[in-house]
Amino acid sequence: MKNITPKKGLSIVMKVSILAGSIAAMASMVVGTLIVNGSADIVYQNALNRLKYETNIKSVRLLSDIKNLRDDAKYLVATPPIMGIPRAIKNDGIDPLDNSGLKTWQNRLATIFTELIRAKSNYLQIRYIGLADVGRELLRVDRRGSVIKSTPEAELQQKGNTLYFNKAIKINPGEVYLSDVTLNREQNKISIPYTPVIRAATPVFFEGKLFGILVINMELDEIFNTLIKNTPRELIPYVTNEDGYFLAHPNKTMTYGFDLGHEHNIQATYNNFDLINNGDLRDIEFTVETKNNVVHVVKAHFDPMQDQRYFAVMLATSYKNLQSASDKLRYQSFIIMGILVTISLIIAAVLASRLMTPLKLISIASDDLANGREVLNLPVDSRDEIGELARSFDAMRHQLEEKKHELIVSQGLVHHSNKMASLGEMAGGMAHEINSPMQSISLIAQRVQRQLKKNMSIEDIDTSMEKITKSVQKISEIIDSLRKLSRDSTDDDFIDTSLGELVDDIVNMTGERFKVNNVKFHVDYYNVSKKTLIQCQRLQISQVLINLVNNSYDAIQSKEEKWITIDFNKANDKIKISITDSGEGIADDIIDRIFEPMFTTKEIGKGTGLGLSISNEIVLKHNGLFYVDKHFDNTRFVLELPITHLPS
Amino acid sequence: MTNLQKRILVTEDDEILKDMLVMVLQDEDYQVDAAADGIEALNLMSANKYDLLATDLYMPNMNGSELITKCHKLYPEIKIILFSGGGKEIETAHGNKTIKFLGEDIKVNHFLEKPCNLNDIIAAVENVLCD
């Protein structure tokens, strides 16, 4: 069998591993990427929402502080000394209601102011200012460092020209005017350290007429500091006024440009940042995206009387910061994905290998079977399809072995039965041939017995004994040739054999049959003699010749004329042996096939078809030629054998 | 008529057996000739007058069956004894008088199956010749 060796390629295990691994890897990458991108968007939105939320919280805190301020102003206006003082003034220093003097009411109010300032750490000053005398202060309590002190009467000032005074006297009772945030000033000079201040002023009416105002100064430094301090590091907090000037900024030198005469504002920090045009006035919050940053703005409308006024509370952060979480998520996700892909590749490889191992075993098994080795390790126990495959393979192998066995047995039987048939036929001939000498011996013995009684001569006895010896000799020869021809002579030595000996072998085995069936058998030695020697395996060549003569015998059975001739011719260093019979040659369509093994024209059971192909092998072993002479009218097979055997 | 007046032709290809048959019959005082095959036998029959042909069945050139057929035709008065080793080709019938050989009926006066006793041979020859 031809052994086809394909080019060495990747093993099926590798291919399946790579395929499964690639699919797993691609699937995890696609799904992973989708999930990661989705998650990253969510994380980004979360970060943005957190920015918005933080901004709102800061705005709410600031508004709450402002509201407290307004509420305190309303509360103070309602305290008894506020009315007690105008009553005492009107009644020449004595309050007619309870006879308290002006001084008493002033002291009482001073105590209230003092305690409130003490309670509210960011209140700097509370004043009661009268309308009379160009807005002269009636009572003033200040915080100076850690000391809270009421100002002596002589040092009280006229405030009738101040903005807050003029604003406050124009509003209705119960309303509170809130000033802009400015740096605190003493005697028209900005006091140092810079202290941002907001004033809440509310009018005081006595007997239906405006009497004066109440003013609370609240510093915002602490509030702004806290606002800035309580901001996460990645966020930058700002509070600006409506013009964009910083009220609160992580870098304090950037603040109060409007008071200190510099132009640091939100518009300068972020190019073309527009507080007003970003949406409607009523939109209290919006997000501004600049080149590298995102700024969320919440307008803290702190004045219910003038809802266009606001502080802009902002938190800014870079895109990088905003995306850092999602970037981190992406980075981590891709690392995890990488790990997962690696793991899936490994699992795929392991699974593929485990899956393929039985297939590989089957492949090895079929290879073993093909090369006639013993088949081991078939994975017949596997419960999956491969196990099934292995089991069918195993069944196939068993069937193959059974068939092989059957074939061997039946071939043997056919061969055997053929052998028996021809052996039987030959044995019949033999028996017949032996019969004559046996008959002779028997007759001689009986005759001698009979003649001895009649005075038999010595010569007669001698002749009789000689005949017995000859008969026994003849029988021995027949038995000898039978014994010779029945043994395996394949490996016999090449010995000098005379042509006559070959003919004797043929005649011993077939002569009687020819006689019985009236076949004329003739031998011609042309340019050679009976004694001419050739080197050959005598019995092998005899068998070839007997086989040919037997074929001829079978072929001419139905012929009117039955004859078989053997001719010997010498040409150069070869002996040409022609076996011719009275048949009319071999048909052209089968002449080329008759030397093929198993080719036969005989009916089933009569021939194995091995004869001519084996004969051909024997002749080739002798470096001879074996062919059919087509130029002859009758059937003629020719052997050309070298006289001297030269081992090849 | 004594045995000396009877002339017998023995036809047998086996030389020793032929010689023995001749000797055995001569011992009984018959006049005996011998041939190795059918052709030789026919030659002798044309030259001499025989009372009995004792022939083998299987012989080269012309076998016993052919010889007997020719003998019946040419010399119907000659009596015939056939010897044979038997075998599948031969069926005997009608008290050893008719032999079936290769599909043909051969009529003989006596059939002797080889191997046979000397006494049987002598008795058969005597019986056939006395008929």
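Each chain gets a letter, A, B and so on, in the order the sequences are listed, and its residues count up from 1. None of these values were measured; they are calculated from a predicted model.
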Can you tell me how far apart [atom1] ([X]) and [atom2] ([Y]) are? Round to the nearest 0.5 Å.
X      : Y      : atom1 : atom2 : result
A/S471 : B/M20  : OG    : CE    : 9.0 Å
A/I444 : B/M23  : CD1   : CE    : 8.0 Å
A/Q439 : B/I16  : CD    : CD1   : 12.5 Å
B/L21  : A/R447 : CG    : CZ    : 11.5 Å

Has [X] got more than 12 heavy atoms of other residues, nucleotides or ligands less than 6.0 Å from its [atom1]?
X      : atom1 : value
A/D633 : CG    : no
A/M438 : CE    : no
A/E501 : CD    : yes
A/N455 : CG    : no
A/K530 : NZ    : no

**Request:** Compare all side-chain heavy atoms of A/L443 with those of B/I121 and state whether any distance is below 4.5 angstrom.
**Result:**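 Side-chain contact under 4.5 Å: yes.
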**Message:** I'd like to check A/R450 versus B/D27 (side-chain heavy atoms, cut-off strictly below 4.5 Å). Are they in contact?
**Reply:**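 Contact flag for A/R450/B/D27 side chains = no.
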[X] portion near chain B, given a 4.5 angstrom heavy-atom threshold:
X      : answer
A/K467 : both
A/S436 : both
A/Q449 : neither

**Asked** How far apart are the closest heavy atoms of B/C116 and A/S442, and which atoms are they?
**Response**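 Taking B/C116 first and A/S442 second, the nearest heavy atoms are O-OG, 4.1 Å.
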**Request:** Enumerate by number any residue of residues 69-79 of chain B whose heavy atoms lie under 4.5 Å from heavy atoms of chain A; in the absence of such residues, state 'none'.
**Result:**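 The stretch does not come within 4.5 Å of chain A.
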**B/E12 versus chain A, the contacting section by heavy-atom distance below 4.5 Å** =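 Contact with chain A is through the side chain of B/E12 alone.
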**Which atoms of B/N117 approach chain A - backbone, side chain, both or neither, heavy atom under 4.5 Å** =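 It is both, since atoms from each part get that close.
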